[in-house]
Student: 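Here it is, the structure in full.
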Amino acid sequence: MSLSKINTILEGVCERSAPNLGDLVFLLSLNEDEQVPLFDFADKIRKNFVGDGVLLRGIVEFSNFCRNTCSYCGLNVNNKKLTRYRLSTEEVLESVKIISECGIKTVVLQSGEEDVYPAVWLGELIKEIKLKFDIAVTLSVGERLEKDYALWRKSGADRYLLKIETSNKALYESLHPGMSFNNRLGCLDRLKGLGYQTGCGNIIGLKGQDLRHLAEDIIFFKKHDFEMIGIGPFIPHQETGLRGELKGDPKLALKVLALTRIITKNTHLPATTALGSQEKDFRADALKSGANVLMPNFTPLKYKALYEIYPGKKCITEDGSSCLGCLEANILPKGRYLDFSRGDSLKYKERITTNV
Ligand code: SF4
């Protein structure tokens with residue numbers, strides 16, 4: 001396929017309000033030489049819609065307990081080899097203090113899905129964070145009751161990440177024993193309804209997934225108009241049902257990322273840690289293929305290795321504050337800069353303005 005033909009297809013995909021599945025499958029199947037125009041196109045759209053800044057989100061993984069058995073995740077409840085931990089209020093606040101002292105204006109509070117800690121505990125923690133620090137709070141704690149989501153929103157939480165992992169119902173339910181695809185969708189709707197800036201995302205290279213599934217994921221992202229979308233390759237973990245499966249292809253993940261940028265325009269797209277945890281650090285490539293967010297990890301050092309969703313996770317032996325210099329020196333492409341603003345969703349701002 002000639003490069004000019006690829007560019008014509010890219011123009012069409014970019015302009016159309018409803019993406020064509022066949023075009024997406026075709027673009028996802030581009031070979032190594034042919035994919036350069038795709039990445040360049042995505043980079044241009046990124047520059048036009050979200051600029052050159054790379055937003056920072058400081059992650060605190062406050063608990064690795066989980067009640068679920070997702071077949072790709074090392075935190076699954078059946079992994080009895082994993083030492084479980086939960087941070088105290090003081091430990092979380094200390095981590096947020098370090099994030100704030102680094103000048104970062106978003107903390108992502110992440111945990112496995114558990115209902116052992118009371119929703120009220122997390123609500124009080126959010127209130128205390130908002131009282132003490134000038135910082136946006138993103139939650140990533142899974143499927144909970146609407147009243148819990150409402151309580152946390154009322155306590156001051158700004159954003160919520162709930163990845164779908166795959167938008168195909170049958171594939172989703174085969175990978176998530178005992179969980180319901182419809183409930184996942186319901187949670188995403190409820191979060192949006194409560195006014196959270198809502199994030200989603202998928203995993204590339206899951207068992208049973210093909211290019212058509214990935215194209216459908218991108219169409220799903222567009223349809224739901226998420227404010228953030230995290231895209232990362234599958235990495236098999238020994239203590240999961242998918243041990244022994246092949247790793248997801250990071251280059252295919254970059255193609256999904258690039259197309260997501262072209263189609264969703266101003267969504268915040270992280271260069272995910274899973275992309276960094278490969279034989280080379282693909283986060284730099286991601287930033288040149290549409291990504292505009294980095295998420296340094298500020299979980300206290302003694303717990304970092306225990307939040308092992310997949311093995312070989314990047315940056316678990318450094319503390320978060322030393323990450324910034326490293327990201328700037330090794331990951332940032334030329335002409336890009338670390339952006340220390342809150343980085344609220346541009347879509348959300350549009351939506352609020354439209355509704356006024
Ligand atoms: S992906 Fe999330 S919900 Fe599933 S086992 Fe892992 S931590 Fe639990």
Side-chain angles (χ1 to χ4, degrees), residues 59-87 92 108-117 119 122 138-145 148-149 152 159-188 190-191 198-209 217 226 228-243 245 247-248 253 270 272-275 277 295 297 299 303-313 316:
I59 301 185
V60 181
E61 296 152 336
F62 66 90
S63 164
N64 69 352
F65 283 89
C66 188
R67 61 186 169 196
N68 289 329
T69 55
C70 305
S71 57
Y72 47 82
C73 177
L75 303 194
N76 75 80
V77 68
N78 295 330
N79 181 2
K80 304 295 181 211
K81 292 191 179 162
L82 183 66
T83 304
R84 304 282 170 168
Y85 73 89
R86 189 178 301 118
L87 300 193
V92 177
V108 181
L109 298 178
Q110 190 161 51
S111 74
E113 193 173 301
E114 57 154 332
D115 34 27
V116 179
Y117 61 81
L122 185 52
T138 302
L139 300 178
S140 176
V141 301
E143 295 181 20
R144 297 286 295 234
L145 297 174
D148 296 348
Y149 290 155
W152 299 333
R159 310 175 190 144
Y160 204 104
L161 296 175
L162 186 68
K163 290 177 72 190
I164 193 85
E165 313 304 6
T166 171
S167 64
N168 182 281
K169 186 173 191 289
L171 187 55
Y172 179 92
E173 291 184 349
S174 77
L175 295 162
H176 299 90
M179 293 174 76
S180 142
F181 183 73
N182 289 341
N183 191 50
R184 195 76 168 181
L185 292 184
C187 285
L188 285 165
R190 291 189 274 280
L191 289 164
T198 307
C200 198
N202 65 348
I203 300 178
I204 313 303
L206 289 164
K207 186 183 177 193
Q209 186 188 53
D217 287 351
F226 294 112
M228 303 163 273
I229 298 167
I231 295 162
F234 165 68
I235 302 172
H237 189 294
Q238 215 25 53
E239 300 303 322
T240 65
L242 295 185
R243 77 182 68 81
E245 295 297 327
K247 283 174 73 169
T272 55
T273 309
L275 271 167
S277 308
M295 304 178 81
N297 190 331
T299 306
Y303 302 114
K304 263 190 179 179
L306 298 175
Y307 204 86
E308 195 189 57
I309 291 178
Y310 51 80
K313 200 164 155 195
I316 54 170

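All ligand and atom numbering here is 1-based and tracks the order in the structure.
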Student: List the residues meeting ring-ring contact (aromatic ring centres under 6.0 Å, His included) with H176, not counting sequence neighbours, and say none if there are none.
Tutor: Y72, Y172
Student: My understanding is that only residues two or more places apart in sequence, or in another chain, count here; which of them pass side-chain contact (heavy atoms from CB on, under 4.5 Å) with S63?
Tutor: F65, R86, S111, E114
Student: For atom 2 (Fe) of ligand 1, is the nearest protein heavy atom closer than 4.0 Å?
Tutor: no
Student: Kindly assign one of parallel, tilted or perpendicular to the pair Y160 and Y149, based on the angle between their ring planes and the thresholds 30° and 60°.
Tutor: perpendicular
Student: For atom 6 (Fe) of ligand 1, which protein N/O/S atoms fall under 2.8 Å? Skip waters.
Tutor: C73 SG
Student: Under a 3.5 Å cutoff, is there a donor and acceptor pairing between the side chains of T299 and N297?
Tutor: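 Indeed, the side chains of T299 and N297 share at least one donor-acceptor pair under 3.5 Å.
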Student: Indicate whether the side chain of D217 and that of S167 have a donor and an acceptor atom separated by less than 3.5 Å.
Tutor: yes
Student: Please collect all salt bridge (charged side-chain N to carboxylate O under 4.0 Å, His left out) contacts where either partner lies in residues 60-81, sequence neighbours excluded, each pair once.
Tutor: E61-K313, R67-E113, R67-D115, K81-E239
